[in-house]
Peer 1: 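My questions will all concern the structure given below.
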Amino acid sequence: MIALAMSGGIDSAVAAWLLKQQGHDVGGFFMKHPYQAEDETDAGRLADFLGIPLEVVDVSEPFETVVENFTNEYFAGRTPNPCVFCNRTVKFGVLFDHARKKIDADFFATGHYVRMTETDGFPALLRGLDPDKDQSYVLYGIDRARLSRLRFPLGERTKSEVRYIAAEAELPLRDKKESQDICFVPNGCHSEFLHARRPNVNTAGRFVSPEGDFLALHGGFEQFTIGQRKGMGVGFGKRIFVLRLDPATRDVVIGPWEDLAIRHLTVMETRWLLPEDPEDEFSCQIKVRYRCREASGTVRPLKNGARVDFFEPLHGVAPGQSAVFYHGDRVLGGGVITEAF
């Protein structure tokens, strides 16, 4: 028996279809929280069509921790990735535990575009075959003790192949638009969402130069992230970028592209997908955002953290995002960026 996380989208539905084609018994589990009412109905339709049972699991309480962390991080001047936190604590934490106990499942599957293999007798998480859909960046935080129980049916396929399978199987909702937003901020306006949660917090302040000179006013520092160029709400007559956020003064420091260059960063809350936590410095590829190309550098493990030194300057690195470490296609681990310099 395989427990499958069903989101109400086409990816998890095709994952279910593929598992059934392989002869597996599949039990579906939908994560219910206050931000996904429509998807619950869609998941039910897809499960009925596929002929698999679906349990709706209320994860509102642990999911609220994800939303609260997102809120706190933005008001602290950082740029969080809530999917990393949610996957670690809720989907591959609370839901994983509930689903496996409920149906005594051998494995837990999702529709993520990642692959699994085995290296020297230990399960290894790999990038998805489709580089445009690879989701390994948001899964580095999974408990490594759970890797052997995971299955990712879409990892060897491209998104176009998945859409073709959905059409051939005549799955309902096969033309459903794929969401590009954070699930609890469906309109993409995170500033509006944040101030609905903290209506009495004033984040308006000044745009200032790297030297501290006043340039203009802004409506709230949480609207900006390091490396941002557009959406300032005011023209400066030249290409400028967000360099730093200072929540204490509410200043947004802006300047030229070259001032964004960094060569080092520190991470905390490191998670490793290796048999043992590394102790010695090693070279690898590093991704510092979900949608970016990796850079090469060295990682020196520290207590609950690591220091990263890049071989070439990197631009637009934002504290709060994750730095994820790769050896080729294999995910070695990662951590939350606390400082870039």
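Keep in mind that what you see is a predicted model, and the values were worked out from it rather than measured. Excluded from the calculations below are hydrogen atoms, water molecules and symmetry mates; all remaining heavy atoms, backbone and side chain alike, are included.
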Peer 1: Can a salt bridge be assigned to the pair Lys159 and Asp11 using a cut-off of 4.0 Å between side-chain N and carboxylate O?
Peer 2: yes

Peer 1: Should Phe152 and Leu139 be marked as a side-chain contact (heavy atoms from CB on, under 4.5 Å) after you check the CA-CA gap, both sets of side-chain angles, and the distance that decides it?
Peer 2: CA-CA 12 Å; Phe152 300 105; Leu139 297 186; 4.3 Å; yes

Peer 1: Side chains of Asp329 and Arg115, heavy atoms from C-beta outward: is any pair under 4.5 Å?
Peer 2: yes

Peer 1: Over all heavy atoms of both residues, which pair between Leu95 and Ala5 is shortest? Give the atoms and the distance, please.
Peer 2: CD2-CB, 3.8 Å

Peer 1: Does atom CD of Glu258 have more than 12 heavy-atom neighbours, drawn from other residues, nucleotides or ligands, at distances under 6.0 Å?
Peer 2: yes

Peer 1: Can you tell me if Arg157 has over 12 outside heavy atoms packed within less than 6.0 Å of its CZ?
Peer 2: no

Peer 1: Would you say that Ser283 contacts Phe311 through its side chain, given a criterion of any heavy-atom pair below 4.5 Å between the two side chains?
Peer 2: yes

Peer 1: Decide whether Val138 and Phe92 are clustered together by the hydrophobic rule: side chain heavy atoms of Ile, Leu, Val, Met, Phe, Trp, Tyr closer than 4.5 Å, transitively.
Peer 2: yes

Peer 1: If you look at every heavy atom in Pro313 and Ala261, which pair is closest and at what distance?
Peer 2: CB-CB, 4.2 Å

Peer 1: Tell me whether Arg144 is salt-bridged to Asp277, with the criterion being a basic N under 4.0 Å from an acidic carboxylate O.
Peer 2: yes

Peer 1: Do you know the tightest heavy-atom contact between Leu50 and Trp17?
Peer 2: CD2-CD1, 3.8 Å

Peer 1: Quick check: are there more than 12 heavy atoms from other residues, nucleotides or ligands sitting under 6.0 Å from CZ of Arg291?
Peer 2: yes

Peer 1: Flag yes if more than 12 heavy atoms outside Glu118 fall under 6.0 Å of its CD atom; otherwise flag no.
Peer 2: yes

Peer 1: Does Gly328 offer a backbone N or O that forms a donor-acceptor pair with the side chain of Gln285 under 3.5 Å?
Peer 2: yes

Peer 1: Give a yes or no on whether the backbone of Thr79 and the side-chain of Gln321 come within a donor-acceptor separation of less than 3.5 Å.
Peer 2: yes

Peer 1: Do Ile103 and Phe29 pass the side-chain contact (heavy atoms from CB on, under 4.5 Å) test, and can you show the C-alpha distance, the side-chain angles, and the key distance before you say yes or no?
Peer 2: CA-CA 11 Å; Ile103 61 173; Phe29 292 84; 3.8 Å; yes

Peer 1: Under a 4.0 Å threshold between the charged nitrogen and the carboxylate oxygen, would Arg198 count as salt-bridged to Glu68?
Peer 2: yes

Peer 1: Under 4.5 Å between any side-chain heavy atoms of Val67 and Phe193, yes or no?
Peer 2: yes

Peer 1: Is there a side-chain contact between Tyr326 and Val331 in this structure, where contact means two heavy atoms from C-beta onward sitting under 4.5 Å apart?
Peer 2: yes

Peer 1: Before giving the answer on side-chain contact (heavy atoms from CB on, under 4.5 Å), spell out for Leu194 and Phe70 the whole-Å C-alpha distance, their side-chain angles and the decisive distance to 0.1 Å.
Peer 2: CA-CA 9 Å; Leu194 292 166; Phe70 175 85; 3.9 Å; yes

Peer 1: At their closest point, which heavy atom of Ala306 faces which heavy atom of Val299, and how far apart are they?
Peer 2: CB-CG1, 3.9 Å

Peer 1: So, does Thr158 use its side chain to make a donor-acceptor pair with the main chain of Glu161 at under 3.5 Å?
Peer 2: yes

Peer 1: Using 0.5 Å steps for rounding, measure from the NZ atom of Lys287 to the OG atom of Ser322.
Peer 2: 11.5 Å

Peer 1: Determine whether a donor-acceptor pair (N or O, by modelled atom type, separation under 3.5 Å) exists between the side chain of His24 and the backbone of Val26.
Peer 2: no

Peer 1: Examine Ile226 and Phe224 and state if one hydrophobic cluster contains both, with Ile, Leu, Val, Met, Phe, Trp and Tyr joined whenever side-chain heavy atoms are less than 4.5 Å apart.
Peer 2: no

Peer 1: Would you name the heavy atoms of Leu314 and Ala295 that are closest together and state the gap between them?
Peer 2: CD1-CB, 3.7 Å

Peer 1: Any chance the rings of Phe75 and His195 have centres within less than 6.0 Å?
Peer 2: yes

Peer 1: Any side-chain to backbone donor/acceptor pair from Arg78 onto Thr338? Under 3.5 Å, distance only.
Peer 2: no

Peer 1: Do NZ/NE/NH1/NH2 and the carboxylate oxygens of Asp309 and Arg307 come within less than 4.0 Å?
Peer 2: yes

Peer 1: To the closest 0.5 Å, what do you measure between CD1 (Ile165) and CG (Leu154)?
Peer 2: 7.5 Å

Peer 1: Is there a donor-acceptor pair under 3.5 Å between the side chain of Arg100 and the backbone N or O of Ala105?
Peer 2: yes

Peer 1: Report yes or no: do Glu222 and Ser191 form a side-chain donor-acceptor pair below 3.5 Å?
Peer 2: yes

Peer 1: To the nearest 0.5 angstrom, please state how far the CZ atom of Arg88 sits from the CZ atom of Arg271.
Peer 2: 5.0 Å

Peer 1: Please report the interatomic distance NE2(His33) to CD(Glu61), rounded to the nearest 0.5 Å.
Peer 2: 14.5 Å

Peer 1: Please report the interatomic distance CD1(Ile254) to CZ(Arg244), rounded to the nearest 0.5 Å.
Peer 2: 11.5 Å

Peer 1: Is there a donor-acceptor contact under 3.5 Å from the side chain of Arg250 to the main chain of Thr203?
Peer 2: no

Peer 1: Between Lys176 and Asp42, is the closest basic N to carboxylate O distance under 4.0 Å?
Peer 2: yes

Peer 1: Give a yes or no answer on whether the side chain of Ser209 reaches the backbone of Glu211 with a donor-acceptor pair at less than 3.5 Å.
Peer 2: yes

Peer 1: Side chains of Asp132 and Tyr113 only: does a donor on one sit below 3.5 Å from an acceptor on the other?
Peer 2: no

Peer 1: Decide whether Phe107 and Val57 are clustered together by the hydrophobic rule: side chain heavy atoms of Ile, Leu, Val, Met, Phe, Trp, Tyr closer than 4.5 Å, transitively.
Peer 2: no

Peer 1: If the threshold is 4.0 Å, N to carboxylate O, is there a salt bridge linking Asp97 and Arg146?
Peer 2: yes

Peer 1: Report yes if some heavy atom in the side chain of Val242 is under 4.5 Å from a heavy atom in the side chain of Met232; otherwise report no.
Peer 2: yes

Peer 1: Do the side-chain N and O atoms of Asn72 and Arg197 include a donor-acceptor pair separated by under 3.5 angstrom?
Peer 2: no

Peer 1: For residues Thr110 and Leu150, determine if any side-chain heavy atom of one lies less than 4.5 Å from a side-chain heavy atom of the other.
Peer 2: no

Peer 1: Does a side-chain heavy-atom distance below 4.5 Å link Phe108 with Ile2?
Peer 2: no

Peer 1: Just how far is it from atom NZ of Lys91 to atom SG of Cys83, taken to the nearest 0.5 Å?
Peer 2: 8.5 Å

Peer 1: Can Arg206 and Asp251 be counted as an ion pair, charged N to O under 4.0 angstrom?
Peer 2: yes

Peer 1: Indicate if Leu125 and Leu332 have the same hydrophobic cluster label, given that clusters are the connected sets of ILVMFWY residues with side-chain heavy-atom separations under 4.5 angstrom.
Peer 2: no

Peer 1: Walk me through whether Thr65 and Phe85 qualify under side-chain contact (heavy atoms from CB on, under 4.5 Å).
Peer 2: CA-CA 9 Å; Thr65 304; Phe85 190 26; 4.1 Å; yes

Peer 1: Is it the case that more than 12 heavy atoms not belonging to His315 sit under 6.0 Å from its NE2 atom?
Peer 2: yes

Peer 1: Identify the heavy atoms of Gly297 and Ile286 that sit nearest to each other, and give their distance.
Peer 2: N-CD1, 3.6 Å

Peer 1: Surrounding OH of Tyr164 (heavy atoms of other residues, nucleotides or ligands, distance under 6.0 Å), is the total greater than 12?
Peer 2: no

Peer 1: Can you find a pair of side-chain heavy atoms, one from Phe325 and one from Trp272, that are under 4.5 Å apart?
Peer 2: yes

Peer 1: Given the rule that I, L, V, M, F, W and Y join up when any side-chain heavy atoms are under 4.5 Å apart, are Ile262 and Val324 in one cluster?
Peer 2: no

